[in-house]
Protein chains: 2
Amino acid sequence: MVSIEQVLRDHQIRPTAIRLLMYRFLKDSQVALSLNDIESGFDQSERTTLYRTIKTFERKGLVHQVDDGTGVAKYALDKPANGKQSTQDLHLHFHCTNCNETTCLTEHKIPHISLPTGFIPEDMNLLIKGVCDKCSGQ
Amino acid sequence: MVSIEQVLRDHQIRPTAIRLLMYRFLKDSQVALSLNDIESGFDQSERTTLYRTIKTFERKGLVHQVDDGTGVAKYALDKPANGKQSTQDLHLHFHCTNCNETTCLTEHKIPHISLPTGFIPEDMNLLIKGVCDKCSGQ
DNA sequence: TAAAAACATGCAATCTGAGTGCATTATTGA
DNA sequence: TCAATAATGCACTCAGATTGCATGTTTTTA
């Protein structure tokens, strides 16, 4: 078990108070969070700082941005890669049109897609919209 | 060969001058267009009108919105369905990170994905980012 | 360890795209 | 032809994203 402080240091991020708090906040969330969501979880601290913090996390590879089609950027913690290679860039996200929550389905890999000649893929994103398990009651 | 006017009428859209122009503009484009792109193609006419026009087209099933992860909505003409059922919502989009153009790869269908229990899919969007054929030079 | 350099934070402000309200103009159909 | 209905244009509003700058804090280095 590595401390959050160490995780940040490992990513060349200075472990300030806000950063530690935000990391924990993201870690405790089962769903991707928008800047507004994050802001709501912090009485103290300022929108801009939270924004820059999340962007720092993103730049340093701690979180990835989730685009769920709502037009609002959300963020989720990267799961530490099990193998050598990060698999973060092959995501499947589920956006519930009922509760508006967006979940990373990291276990579900996107199957290989063959593209026309000349198209060089670098990143993939599969977004599925529908009703999530909590809302479907199943 | 059906006239554009007829296409619009068939979708319960009054064929005004702007609408005919915009339809042709979309038809002539190989890539999805943002409102800004469209605006640039029209010296005359007003942003709001173009916006409402594209939204009308969307509502009536003439175009579909493409979300390429840039945060800017783009639109592309629906290809006329060959079969009875429209398959517009299950093709993939390719966004070139070099030229910023987004292409509908209508021939490429999204493979079936099995979801965890309780997740009910209703719509899917597969976005692949990378370098397009024009930019890769291949 | 003090001073300089580098980075983090807070506040105010800007920018962009999306979307609406309303008055005017055009089109349609009784 | 006239009333009803829809389309257009202009002026806004709104939200989220992003930046500039002044200040505070940490790190580095002489």
Side-chain angles (χ1 to χ4, degrees), chain A residues 4-25 32-60 62-76 95 100 102, chain B residues 4-26 32-60 62-76 95 100-102:
Chain A
I4 293 181
E5 195 166 329
Q6 195 52 50
V7 172
L8 294 189
R9 284 196 202 287
D10 289 349
H11 286 82
Q12 288 87 48
I13 300 171
R14 286 187 190 170
T16 66
I18 288 177
R19 288 169 175 181
L20 292 169
L21 285 171
M22 187 183 294
Y23 188 94
R24 188 165 306 132
F25 193 67
L33 299 173
S34 70
L35 191 59
N36 269 336
D37 296 334
I38 295 171
E39 209 180 355
S40 308
F42 290 75
D43 331 305
Q44 77 276 51
S45 196
E46 218 265 331
R47 190 184 181 75
T48 315
T49 303
L50 298 174
Y51 172 76
R52 283 199 254 238
T53 300
I54 199 85
K55 282 299 176 187
T56 298
F57 282 9
E58 190 187 14
R59 211 161 355 94
K60 300 291 190 178
L62 263 185
V63 308
H64 61 277
Q65 186 169 337
V66 179
D67 182 352
D68 66 4
T70 60
V72 179
K74 294 184 177 176
Y75 302 88
H95 173 68
N100 196 34
T102 302
Chain B
I4 294 180
E5 194 166 328
Q6 195 52 51
V7 173
L8 295 189
R9 284 196 202 285
D10 289 348
H11 286 82
Q12 288 85 49
I13 300 171
R14 286 190 189 169
T16 66
I18 288 176
R19 288 168 176 181
L20 291 168
L21 285 171
M22 187 183 295
Y23 188 93
R24 188 164 308 132
F25 194 67
L26 290 165
L33 299 173
S34 70
L35 191 58
N36 269 335
D37 296 334
I38 295 171
E39 208 180 354
S40 308
F42 290 75
D43 332 304
Q44 76 279 49
S45 197
E46 219 264 332
R47 190 183 181 74
T48 317
T49 303
L50 298 174
Y51 172 75
R52 284 199 254 237
T53 300
I54 199 87
K55 283 299 176 187
T56 299
F57 282 7
E58 190 186 15
R59 211 161 355 93
K60 301 291 190 178
L62 263 185
V63 308
H64 61 278
Q65 186 169 337
V66 179
D67 183 351
D68 65 3
T70 60
V72 178
K74 294 184 177 176
Y75 303 88
H95 174 68
N100 196 35
E101 288 193 341
T102 302

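Below, read A as the first sequence line, B as the second, and so on, with proteins coming before strands; counting in each chain starts at 1. FYI, side chains are in, hydrogens and waters are out, and symmetry mates aren't considered; it's all heavy atoms of this structure.
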In whole angstrom, what separates [X]'s [atom1] from [N]'s [atom2]?
X	N	atom1	atom2	result
Gln12(A)	dA8(C)	CD	P	12 Å
Arg52(A)	dT23(D)	CZ	C1'	13 Å
Leu50(A)	dA17(D)	CG	C1'	14 Å
Leu21(B)	dT8(D)	CG	C1'	14 Å
Tyr51(A)	dA12(C)	OH	C1'	16 Å
Lys55(B)	dA7(D)	NZ	C1'	18 Å
Leu20(A)	dT25(D)	CG	C1'	15 Å

Which residue lies more 5' along DNA chain C, comparing Thr16(B) with Asn36(B) via nearest heavy atoms: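 That would be Asn36(B).
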Start at the 5' end of DNA chain C and walk down; is the nucleotide closest to Arg9(B) or to Ile18(A) reached first?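 Going by which nucleotide is closer to the 5' end, it is Ile18(A).
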Listed nucleotide nearest any side-chain atom of Val72(B), set dG9(D), dA7(D), dA18(C):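 Between dG9(D), dA7(D), dA18(C), the one nearest the side chain of Val72(B) would be dA18(C).
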Choosing from dA6(D), dA11(D), dG10(C), which nucleotide comes nearest the side chain of Thr48(B)?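 The answer is dA11(D).
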If you compare every side-chain N and O of [X] against the phosphate oxygens of [N] (OP1, OP2), does one of them come in below 4.0 Å?
X	N	answer
Thr49(A)	dG10(C)	yes
Arg47(B)	dC10(D)	no
Ser45(A)	dG10(C)	yes

Determine the contact category for Ser34(B): base if any of its heavy atoms lies under 4.0 Å from a base atom, sugar-phosphate if only primed atoms, P, OP1 or OP2 are that close, otherwise nothing.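 The answer is nothing, as Ser34(B) stays clear of every strand by at least 4.0 Å.
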Inter-residue atom distance Arg52(B).CZ - Arg59(B).CZ, 0.5 Å rounding: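 Spacing of CZ (Arg52(B)) from CZ (Arg59(B)) equals 10.5 Å.
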Will you find, in the side chains of Ser34(B) and Asn36(B), an N or O donor that is under 3.5 Å from an N or O acceptor?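 Ser34(B) vs Asn36(B): no donor-acceptor pair found between side chains.
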